[in-house]
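Since the structure comes first, as structure tokens, the remarks are kept for the end.
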2 protein chains.
Amino acid sequence: MPQAASRQRRDLSLDEIIDRAAVILRDEGEQALTMRRIATECGVTPMAIYHHVTDKETLTGLVMDRLIDAALVPRSVGDWRTDMIEFASRYRRVFIDNPGAGRLYVRQPVIGPGTARAVEEVFRILATAGFPPAVIGRAADAIVLLIMGSLVNDLTRPANIRDQLIDVIPRSETPHMKRSLKTFSHRDPEQRFRDAVAWLLDGLEHALIQERS
Amino acid sequence: MPQAASRQRRDLSLDEIIDRAAVILRDEGEQALTMRRIATECGVTPMAIYHHVTDKETLTGLVMDRLIDAALVPRSVGDWRTDMIEFASRYRRVFIDNPGAGRLYVRQPVIGPGTARAVEEVFRILATAGFPPAVIGRAADAIVLLIMGSLVNDLTRPANIRDQLIDVIPRSETPHMKRSLKTFSHRDPEQRFRDAVAWLLDGLEHALIQERS
DNA sequence: ACCTGAACACCGTTCAAGT
DNA sequence: ACCTGAACACCGTTCAAGT
């Protein structure tokens, strides 16, 4: 039988804090994730949290790096283009499936083991494709731009909000809008993302081929 | 000589509110932009603002759409690739030069005349390139992803924070990191963005050429 | 070292009232 | 219609103190 709880519980760990915070974020979203709420969930006073972490941003950073790490699965086995598209889609989906975490992710930097392993994996895929190291860094950055942009678009812009664009100025000013707006606004977000990544990889591959010939 | 101010000033307009808010945001950043501060700058009580606008988010939306509209210049005259890269860079720079506005922009949707004209311009450039309407919407979306991603990266991630990635896990786990991290972390942000857009356009152009043959 | 209690310095917004 | 005054229901965090 475990010892009765002492007057002051001394068993609160950083790990437990991160876990409790992650649950709140996943189940109730970002505005539910307050220091006071995390403390309550840990059965402790708000200021107890500050003994394990310097401020809220570093705590949320730890939560998000852990989410990334948990989503990394053993490397896949297709060709490098497929591997990259699948990896980027999986990374994106971590935050699409956890919108609270996603909205936090585009607001603050995240550095940790999960992030490092994710970046290493992108580097590895590009290396197997045959890109020289000088290009790999820039190419990886371009992939990151698409992931971040996709999160912003899909987490902060409601699905069909772009339909409103046709009505805010006279249609005579927007001759091209009428023809192209539908494919701009109505489309599966995941597929839009995969299209963009595919085009980017096409451009990269094209540059690689030209350099070799 | 103008009339003396009445006891209750009734000359506060939405336009003035937007202007004052824009100045605060540009000069002092996002955390200075509070409803109370805007009210003070307008010489009015906080609640007076709510008579002209329903909430803070719609107000900041109006500010940002106006920033976009002001940055749109007469269409350029190069080939479509150059036009697109220049347009995207200029759009991005609006928010890079105004970081407070930029950080708000990746948090909330913005719909208005400025946004509509910007989207129309992207459609126009892609149309002159010869893309069919069904592709134009998807291509425009891909461009938007890069712009949004670039804003997130350059406004929320400090320049060289990626250097820390090498130290968070044992180097034996990251064989590719050592070779490629430098080009991933040290690089002119604007140039990185232009590279990414150029690769994307390469991929798009390639698809267009293949379709025609 | 680990935690509590009270307070500070803010927020956006509602509500009721004035003219 | 346009604005004021007071208050509500919160925040993250500092500071001093307890054990």
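Everything quoted here is computed from the prediction, not taken from an experiment. Here is the naming used below: chain letters follow the sequence lines, and residue numbers restart at 1 for every chain.
Dashed line: the shortest gap from a side-chain N or O of His52(B) to OP1 or OP2 of dC3(D) is under 4.0 Å.
Relative to the side chain of Val44(A), the nucleotides dG5(D), dG12(C), dT4(C) differ in distance, and dT4(C) lies closest. The listed nucleotides are dG12(C), dT4(D), dT13(D); the one nearest the side chain of Asp55(A) is dT13(D). Comparing dT4(C), dC11(C), dG12(D) by their closest approach to the side chain of Lys56(A) singles out dG12(D). Of all nucleotides listed (dC3(C), dG12(D), dC3(D)), dC3(C) comes nearest to the side chain of His51(A). The side chain of Thr34(B) lies closest to dG12(C), out of dT13(C), dC3(D), dG12(C). Closest to the side chain of Met35(A), from the set dG12(D), dT4(D), dC2(D), is dG12(D).
For the pair Ser13(B) (side chain) and Glu16(B) (backbone), a donor-acceptor distance under 3.5 Å is present. At least one donor-acceptor pair under 3.5 Å links the side chain of Thr34(A) to the backbone N or O of Arg37(A).
When the shell of 6.0 Å around NZ of Lys182(A) is examined, it contains 12 or fewer heavy atoms from other residues, nucleotides or ligands.
Nearest-nucleotide positions on DNA chain D for Met47(A) and Ala32(A) put Ala32(A) closer to the 5' end.
Classified by interplanar angle (parallel below 30°, tilted 30° to 60°, perpendicular above 60°), the ring pair Trp80(B)/Phe131(B) is perpendicular.
Rounded to the nearest Å, the gap between the C1' atom of dC3(D) and that of dC15(C) is 14 Å.
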